[in-house]
Amino acid sequence: MFRRYGEHLILSLTFSVFVLECLALVYLTWRFVQRFSGWIGFEGLMRSLIAVTVLTAIFISLFMLVIITLHALIRIREAVLQRQIGFWIQQLSRNLLTSRRCPPNLPFAGQLALLSLRESLAGEESELALNWIREQGLSRSLIRRIRSNSSQTVKLNALEHVAKARLSEAIPELLGLLQDRSANIRIHAAWALGRCIADLDSKSNWPVPASEVSKILGEADLPAGILEECLVLMQSNAEDVIAGLLGPHSSILVLRSSINAAGLLSLIDLMAHIGKLMIHPEPEVQSASIRFCNRVGVLPRGAEKVLEQYLKSPLEYLRIQSVRALAMVDPQKASGLLQESIADSSWWVRRAAAECLEQLGPVGYKTLQYCAHFHPDSFARQTCLQLLLDRGWMKADDPRHFWETA
Amino acid sequence: MVQEATKKLLLIEDCRTVTAVVRIALERNGFEVTSAENLSDAYVRAEGMQPELVILDINLPDGSGFEFLRDFREQRGKDVPVLVLSGLKQEQTIVRGLELGANDFMTKPFRIRELLARVDRLVK
């Protein structure tokens, strides 16, 4: 739990002090008008001025006092809670491993300790902790809280706890929250959804079909990184959801995030879907598809020609990914293409080309040595020499190195 | 698991839930567990004991567990097995841990039985 309470109190106090100060200033203005009109004397004005100044000082002091007290109370409350959680962690861990029974009616600290146990463990003990969470009525209460119209703080805490508990029964509610007006709620719901889906043990017991999850995720207004993270959190259960997101109607952002997540999870079975996206009209999708191939270490059939074409693209990121993918092409052919890319105008492409040559084995090493000494482009020679130095295949005092760097 | 004579184990872990579970599970299996919740504490604890096994987390509040692993291997050689127990699942993290001399790697969330089996194998 990382969100503090008391925001409403601070907001009301700030508003009250502001209103009182405004009233005091209005009063003071009125007294000045009276003085200039000759209705009151100098002494009367001074009395009002001093009274307003004293009142302001009292308001501000009280305000500061309340804020400081509130922060102190929050810290004390947090420290007490942490101590109680520590106690319950010990108690519940012992019960989990020995009696396998949960004490009835756990207090708040006990519930947090139980959620923490569920989060840290896998397997049999984790399932037992989940059963305890259900027995205590905690799962129902969390779902009720994320469904309710309570404050954002309450909802965010409940979402965090749902993610820790990995509650499969919360999935329909989490999908609903992906349409929430608040971006913060949508993001936390996506994280919780990823973790809850990761915990489903087989395809048959999904509370909502994978295609429906894909549809809602695809329509949710989530930042690219969050969508990618949500899919990665789904782990081995992500494949069907990602497959559903790779359809022709998905936006570029959704396609890019889904392809990246597939690559990070090494979902090679999605090659049939993603391989086709190498020729998608959008360069970001093309680049993401090639990066996927680089991550899983396989190129689809006929990809060589596409890569060759992309090596001439004006977009640096596309050229970098294409150069890297040449490590999976026939070494003889790749080394020929890389000799051209190693003279690219971008340092990143040149470096990627040199590293790719290194991965091609003896053919690549020979090309790297040749390019380091005889390539007509001086930047290409420098890049190759640098890589040879980095890998210890050339000594720093080699006269050819001096000659090139001079 | 067979109860054996007390074996000393150093557990370096900042999450108190993991510490509590691992401590209780291992103590029930005849280990004497000394725990440290940060890097500086870990150096102090390691100095004053001869553990038969170290269980090490990577993300610690005052540094990386890899630093401890490297220093521990430099000072004590490879006699004491080290089991890395981390929430980091990336390939490069696992490879780095093994390169620095870890004997085994487990990711969190973890299974208690699996942990006990791995610990048992390492101390044998």
Side-chain angles (χ1 to χ4, degrees), chain A residues 1 79 81-100 109-130 132 161 163-166 194-196 198-199 229 232-236 238 263-266 294-297, chain B residues 1 3 9 11-31 33-38 41 55-61 65 83-95 99 104-120:
Chain A
M1 188 168 62
L81 184 66
Q82 289 305 322
R83 245 200 325 273
Q84 289 171 345
I85 293 173
F87 164 79
W88 279 107
I89 285 173
Q90 292 285 340
Q91 184 68 36
L92 293 175
S93 304
R94 202 162 284 121
N95 285 20
L96 204 64
L97 296 169
T98 53
S99 68
R100 304 181 82 80
Q111 293 178 351
L112 292 180
L114 183 54
L115 288 169
S116 177
L117 274 171
R118 164 76 174 149
E119 187 189 22
S120 306
L121 296 172
E124 200 185 319
E125 282 77 16
S126 179
E127 287 303 313
L128 187 56
L130 177 61
W132 290 358
H161 295 159
K164 281 185 178 181
R166 309 194 293 269
R195 296 184 72 176
C196 291
D199 208 53
E229 219 172 310
V232 171
L233 281 170
M234 290 180 194
Q235 298 282 310
S236 55
L264 287 168
L265 293 167
S266 299
N294 287 333
R295 279 175 172 153
V296 297
Chain B
M1 200 169 292
Q3 292 277 338
L9 188 145
L11 169 65
I12 305 164
E13 170 66 63
D14 63 329
C15 171
R16 54 187 171 165
T17 310
V18 175
T19 305
V21 173
V22 172
R23 180 188 282 277
I24 293 166
L26 289 169
E27 281 177 354
R28 287 184 68 217
N29 284 275
F31 286 91
V33 181
T34 304
S35 61
E37 57 182 26
N38 55 45
D41 196 17
I55 299 180
L56 175 67
D57 186 17
I58 300 300
N59 278 339
L60 293 165
L83 165 67
V84 175
L85 179 61
S86 170
L88 303 171
K89 296 172 185 176
Q90 291 92 339
E91 189 186 333
Q92 64 261 38
T93 312
I94 299 173
V95 170
E99 277 174 357
D104 206 347
F105 201 107
M106 271 185 83
T107 56
K108 290 185 245 178
F110 63 99
R111 288 174 172 80
I112 294 174
R113 278 191 191 176
E114 187 185 342
L115 176 81
L116 291 173
R118 286 176 192 247
V119 166
D120 205 32

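Quantities reported herein were computed from a predicted structural model and do not represent experimental measurements. Letters A, B, ... are given to chains in the order of the sequence lines, protein chains preceding strands, and every chain is numbered from 1.
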Task: Spatial distance of atom OG1 (B/Thr17) from atom CG (A/Leu117) [nearest 0.5 Å] - done: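 Here the interatomic distance stands at 6.0 Å.
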Open item on the list: Return the CG to CZ distance between A/Leu97 and B/Arg23, rounded to the nearest 0.5 Å.
Closed with: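 The CG atom of A/Leu97 sits 13.5 Å away from the CZ atom of B/Arg23.
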Task: Nearest heavy atoms of A/Arg94 and B/Ile24, plus distance in Å - done: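 Distance-wise, the nearest heavy atoms are N-CD1, 3.7 Å.
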Open item on the list: Determine whether a donor-acceptor pair (N or O, by modelled atom type, separation under 3.5 Å) exists between the side chain of B/Arg113 and the backbone of A/Gly123.
Closed with: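 Absent.
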TODO: Can you spot which of A/Ser120, A/Ser93, A/Ser116 makes a side chain to side chain contact (heavy atoms under 4.5 Å, CB included) with B/Val18?
DONE: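 Considering A/Ser120, A/Ser93, A/Ser116, a side chain to side chain contact (heavy atoms under 4.5 Å, CB included) with B/Val18 is found only for A/Ser120.
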Open item on the list: Does B/Arg111, at its CZ atom, have more than 12 non-hydrogen atoms belonging to other residues, nucleotides or ligands within less than 6.0 Å?
Closed with: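 For B/Arg111, atom CZ is not crowded (no more than 12 foreign heavy atoms under 6.0 Å).
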Open item on the list: More than 12 heavy atoms of other residues, nucleotides or ligands under 6.0 Å from CD of A/Gln235: yes or no?
Closed with: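 More than 12 heavy atoms, drawn from other residues, nucleotides or ligands, come within 6.0 Å of this atom.
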Task: Heavy-atom proximity to chain B below 4.5 Å, by part of A/Glu119 - done: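 For A/Glu119, the backbone is the part near chain B, not the side chain.
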- [ ] Name the region of A/Gln90, side chain, backbone, both or neither, that has any atom closer than 4.5 Å to a heavy atom of chain B.
- [x]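 Both backbone and side chain of A/Gln90 come within 4.5 Å of chain B.
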